[in-house]
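Down below is the structure, laid out as structure tokens.
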Number of protein chains: 2
Amino acid sequence: MVKKQNTEDKIVEAAKKVFIQKGMDGARMQQIADEAGINKALLHYYFRTKNKLFEKIFSLVFRDIFEVLEMAVMKELSFEQFLEQFITEYIALLKRKPYIPQFVIHEINRKPQRIVDQMKNTKFDKQQLFALIEQAAEDKRIRPIPPVHLITNILSLCLFPFVAKPIITGFALDGDKEKYKTYIDERPEQVITFVKQALFL
Amino acid sequence: MVKKQNTEDKIVEAAKKVFIQKGMDGARMQQIADEAGINKALLHYYFRTKNKLFEKIFSLVFRDIFEVLEMAVMKELSFEQFLEQFITEYIALLKRKPYIPQFVIHEINRKPQRIVDQMKNTKFDKQQLFALIEQAAEDKRIRPIPPVHLITNILSLCLFPFVAKPIITGFALDGDKEKYKTYIDERPEQVITFVKQALFL
DNA sequence: ATCTGTTTTAACTATTTGGTTAAATCAATT
DNA sequence: AATTGATTTAACCAAATAGTTAAAACAGAT
């Protein structure tokens, strides 16, 4: 046996890259093979069909998304702790895997039901989080706010900078990639401050 | 001559729908023809190539995006007025044309440079907006905040609910479409309050 | 040395799809 | 009635692409 694990990994990495950039429809098996440094025949030898390969990538990417989400909520933190920790860790995750949002949005369009189903299968407990927010409001630690709005607020503030990277860089930051890096580094603090100010009495 | 204008419009509407849902690669000329209630031959009779048709849709959608953006900034409003008016009108625009964000994000991935270039060609003056924010901070009317962060914050809060519609509906709102409608109706007020609280001293 | 699973090569098939064409039909205008 | 442009029908072409196949080469394990 030759170093096998390596080839499959190379394929997965290549497929991730191509699928994310081009989407399922735009992706070409040949390009994935090229990107992985192998040929089409071998690609099909590992993953029989384009669809099977895509499913693999999809589930991998999806696992990534909930990695932090689950962690943060399972820890039984106070709302205040949750806020800081979630924002910090979620943006950190997105820095490591900035392709996630684009990929998910792409799929939301293609097969909305699929992505919703996947979400329901996760350990993440939305009720718990809702309760945490409502409790904090009852205790007058934060001003009252519908949980759905607060959660979508936080998520949007974390996600948007990665989805809109080219626009932010090209348009607001004069195409300066260094400035974008700085901007992203500032984000956790900026978002935490923004949300805290918006919430705490 | 038969009612001509009508057919071209039908094609544009159909193409918009299909291109947005499937992206340039996923879209099929046959599906666009079906959706428009005509046949492929006639479709090519109006728009010679898929690419030409896509370009048409792209420029139409793009015009929509900056419609409100330009309007809001050109009016020489105070920062406070700008905030309320922009958020209200931008969310209203997105309610009318909820497909815009998905489409743009799709294109950001496919051809980032193109979308940035288009943005530069618009009348929208980023410096003016930056100055407005910095002035408000200098006057101590709001707490200091880097303009890029504030702008991306506002945009994300407005855009995200439309991009993530299926997830919000399916996951957070028990798949209840009425709840989503309510949620969206509440949005302008919620976002305005959120941002104001976050900013004003 | 032989065996086994990996990888390459290269040609091939089947299907999808964008785009074309030509002839016929239709509907309004003249 | 004749003209003109819009629309349909239906067949077709060419290119791209997913997927297959068979044979050979290769590399490590036994």
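A, B, ... follow the sequence lines: proteins, then strands. Residue 1 opens every chain.
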Who pairs with A/F62 by ring-ring contact (aromatic ring centres under 6.0 Å, His included), at least two apart in sequence or on another chain?
-> A/F58, A/F66
Partner residues of B/A172 under the side-chain contact (heavy atoms from CB on, under 4.5 Å) criterion, sequence neighbours left out = A/V148
What one-letter contact string describes nucleotides 18-24 of chain C from 5' to 3', where B marks a base within less than 4.0 Å of any protein heavy atom, S marks contact via sugar-phosphate atoms alone, and - marks no contact?
-> BBBB---
Name every donor-acceptor pair, under 3.5 Å, that has one atom in a side chain of residues 190-201 of chain B and the other anywhere in the protein, sequence neighbours excluded.
| residue | atom | partner | partner atom | Å |
| --- | --- | --- | --- | --- |
| B/T193 | OG1 | B/E189 | O | 2.7 |
| B/K196 | NZ | B/E84 | OE2 | 2.5 |

Hey, does the side chain of B/Y45 come within less than 4.0 Å of D/dA6's phosphate (OP1/OP2), counting only N and O?
-> yes
Measure from CD1 on B/I38 to P on D/dT9 and round the result to the nearest Å.
-> 12 Å
Starting at CG of A/L43 and ending at C1' of C/dT6, how long is that distance when rounded to a whole Å?
-> 14 Å
Measure from NZ on A/K10 to P on C/dT6 and round the result to the nearest Å.
-> 14 Å
Within the structure, does a side-chain N or O atom of B/T7 lie under 4.0 Å from either OP1 or OP2 of D/dT7?
-> yes
Please give, in whole Å, the distance from D/dG5 C1' to B/L42 CG?
-> 11 Å
Mind jotting down which residue pairs meet the salt bridge (Lys or Arg N to Asp or Glu O under 4.0 Å) criterion with at least one end in residues 56-65 of chain A? Sequence neighbours excluded, please.
-> A/D64-A/K97
Residue list, ring-ring contact (aromatic ring centres under 6.0 Å, His included) with A/Y90, at least two apart or on another chain = A/F86
Below 4.0 angstrom from OP1 or OP2 of D/dT8, is there any side-chain N or O of B/N39?
-> yes
Whole-Å distance between C/dG5 C1' and A/N6 CG?
-> 16 Å
Hey, does the Lys NZ or Arg CZ of A/R48 hover above the aromatic six-ring of A/F54, less than 6.0 Å from the centre and inside 45° of the axis?
-> no
Under the ring-ring contact (aromatic ring centres under 6.0 Å, His included) test, which residues partner A/H149, sequence neighbours left out?
-> B/Y183
Do any of residues 11-23 of chain A sit with a heavy atom less than 4.0 Å from DNA chain D, and if so which?
-> none
B/F162 meets the ring-ring contact (aromatic ring centres under 6.0 Å, His included) criterion, sequence neighbours left out, with none
For atom NZ of A/K120, decide whether the heavy atoms of other residues, nucleotides or ligands shown that lie under 6.0 angstrom number more than 12.
-> yes
